[in-house]
Amino acid sequence: IVMPGARQYLIASDGPLTLDIVEKIREAGISTMYLKESYIKANLSPDRMEAVNKVLNTPSGINRDFHPLNALAHVNYWLSRSGTGLWLPILLIAALSGIVFFLCLTSQNVPVAAALATTGFTGMGLGVILILAFQVFFGFLYRELSLFITLFLGGCALGAAWSNRFSTDHRSRLFAIDLVLAFFSSLLPMFFFAVQQLELDGPHLVAAQVVFAVLNLSAGFLTGAEFPAAAALLMPSPAAQKSTGRIYAIDFISAALGAALIGTFAVPLLGVTATCLGLGIIKFTSTLALGFTRHRDCGHAFFRGRLG
């Protein structure tokens, strides 16, 4: 049975249980100083018991490590205390999504802008998922959180520096990075499954933590490497400086959406595996769009050469 109050107490026994606690205390001759009869009867009042039973009888899924349904319920509870509920983050996410959608559609190269947007979204989403998974496996995160953020942003810097070394064939490089990021997202659940099979102590513990660090660095590297290639295609000449603000806006707003949407809604509602596969599908879609435009442009160039 459940005793309602500021803290819910679960009472279990291999014998019969009753809510007539006051009478049982009397029969046992127990003297209480703080647990007064009036306090017990107030906590077990019919309206409080009805509220508890209503919550207990409400159908709900099972809260799991990699499918934390209670995380969304917790967010909704605290937002409801301010009178907003989940409508506030939903409206904010919808507004930001509309801005990104508009910026991509009005870009001079829509597939490239979409690839940049989905990479910002996916990269930040993967960073959030890796942080949550680390907490699940190892049970601590406070000290490592700063390291994870450093590794991700350091990976972004390394990826951008590597990509800037190339001055030609930006479209092929963008296509390749997009494809690798799609596979990275889709295969990440297999790594989590492999870690679940290990006894995380001794060498296995250290090795798993090192791999998590490498994955964070890799996610940042792929995210950062795509930006220079996309920027070169969206800003083909140095004079096209008006495109600079648009490029940064697409990347940063998409990354903010990834952090908010993945951590707040996608992982609690869909679970880690489905969310990773969803990110993979998003990136495979943008890769296909890049591949289609790449072949189309090659075809146009071929025909222009023949006609010329």
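Just so it is clear, the model here is predicted, and its values are computed rather than measured.
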Would you please test L205 and F138 for side-chain contact (heavy atoms from CB on, under 4.5 Å) and show each step? CA-CA 9 Å; L205 177 65; F138 305 109; 3.4 Å; yes
Steps toward side-chain contact (heavy atoms from CB on, under 4.5 Å) verdict (F221, C156): CA-CA 5 Å; F221 183 90; C156 288; over 6 Å; no
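Under a hydrophobic clustering in which Ile, Leu, Val, Met, Phe, Trp and Tyr are joined whenever their side-chain heavy atoms come within less than 4.5 Å, directly or via other members, I281 and L222 fall into different clusters. No chain of hydrophobic side-chain contacts below 4.5 Å, direct or via other Ile, Leu, Val, Met, Phe, Trp or Tyr residues, connects I99 to V110. The cluster map of Ile, Leu, Val, Met, Phe, Trp and Tyr, joined by side-chain heavy atoms under 4.5 Å apart, puts L277 and L270 in different clusters. Put simply, F101 and V112 are part of two different groups of oily side chains (I, L, V, M, F, W, Y) that touch within less than 4.5 Å, one to the next. Residues L217 and L141 share a hydrophobic cluster, clusters being chains of Ile/Leu/Val/Met/Phe/Trp/Tyr side chains in contact below 4.5 Å.
Within 6.0 Å of atom CD1 in I62, 12 or fewer heavy atoms from other residues, nucleotides or ligands are found, so the atom counts as exposed in its surroundings. Heavy-atom contacts from other residues, nucleotides or ligands closer than 6.0 Å to CD of E199 number 12 or fewer. Within 6.0 Å of the CD atom in Q196, the count of heavy atoms belonging to other residues, nucleotides or ligands exceeds 12. Enclosure of atom CZ in F102 is not indicated, since only 12 or fewer non-hydrogen atoms of other residues, nucleotides or ligands lie within 6.0 angstrom.
Considering only heavy atoms from C-beta on, T273 stays 4.5 Å or farther from F192 through its side chain. Side-chain contact between F166 and H170: absent, with no pair of heavy atoms (C-beta onward) separated by less than 4.5 Å. Residues L130 and F152 form no side-chain contact, since every pair of their non-hydrogen atoms from C-beta on lies 4.5 Å or further apart. The shortest distance between side-chain heavy atoms of I149 and S146 does not fall below 4.5 Å. Proximity of F284 to S185: side-chain heavy atoms (C-beta onward) are nowhere separated by under 4.5 Å. Side-chain contact between L233 and R171 is present, with at least one heavy-atom pair separated by less than 4.5 Å. Looking at L257 and I93, their side chains come closer than 4.5 Å, going by heavy atoms from C-beta outward.
Here the OG atom belonging to S254 is positioned 11.5 Å from the CG atom belonging to L261, to the nearest 0.5 angstrom. Rounded to the nearest 0.5 Å, atoms CD1 (I177) and CG (L290) are 10.5 Å apart. If you take OG1 on T275 and CG on L269, they are separated by 8.5 Å, rounding to the nearest 0.5 Å. In this structure, CG on L103 lies 6.0 Å from CD1 on I253, to the nearest 0.5 angstrom. Note that CG of L126 is 6.0 Å distant from CG of L181, once rounded to the nearest 0.5 Å. The OG1 atom of T287 sits 3.5 Å away from atom CG of D178, with the distance rounded to the nearest 0.5 Å.
Smallest separation of non-hydrogen atoms from G125 and L279: C-CD1, 4.4 Å. Residues A113 and C104 approach most closely at O-SG, 3.7 Å, considering heavy atoms. Summarising the geometry of V2 relative to P4, their closest heavy-atom pair is O-CD, 3.5 Å, with the distance given to 0.1 Å. Among all heavy-atom pairs drawn from F66 and A133, the shortest one is CE2-CB, 4.1 Å. The shortest heavy-atom contact between F191 and V211 is CE1-CG1, 3.2 Å. Taking every heavy atom of both residues into account, E226 and L116 meet most closely at OE2-N, 3.9 Å.
Residue pairs meeting the salt bridge (Lys or Arg N to Asp or Glu O under 4.0 Å) criterion with at least one partner in residues 248-261, sequence neighbours excluded, are absent.
The backbone N or O of G159 sits nowhere less than 3.5 Å from a side-chain atom of S163 that would complete a donor-acceptor pair. Between the Q197 side chain and the F193 main chain, a donor and an acceptor come within less than 3.5 Å of each other. When atom types are taken as modelled, the side chain of H67 and the backbone of V267 share no donor-acceptor pair closer than 3.5 angstrom. Listed for the T122 side chain is no donor-acceptor partner under 3.5 Å among the backbone atoms of T119. When atom types are taken as modelled, the side chain of N63 and the backbone of N70 share a donor-acceptor pair closer than 3.5 angstrom. No donor-acceptor distance shorter than 3.5 angstrom exists from the side chain of N76 to the backbone of L72, with no hydrogens or angles considered.
When the side-chain hydrogen bond (donor to acceptor under 3.5 Å, both in side chains) test is applied to S107, no partner is found at least two apart in sequence or on another chain.
Taking Ile, Leu, Val, Met, Phe, Trp and Tyr as hydrophobic and joining them when side-chain heavy atoms fall under 4.5 Å apart, one finds V210 in a cluster with V206, V214.
Side-chain atoms of D47 and S45 include a donor-acceptor pair closer than 3.5 Å. With hydrogens and angles left out, the side-chain atoms of K283 and S286 include a donor and acceptor closer than 3.5 Å.
Ring geometry for F212 versus F134: interplanar angle over 60°, hence perpendicular rather than tilted (30 to 60°).
Y248 and F227 have their aromatic ring centers within a separation under 6.0 angstrom.
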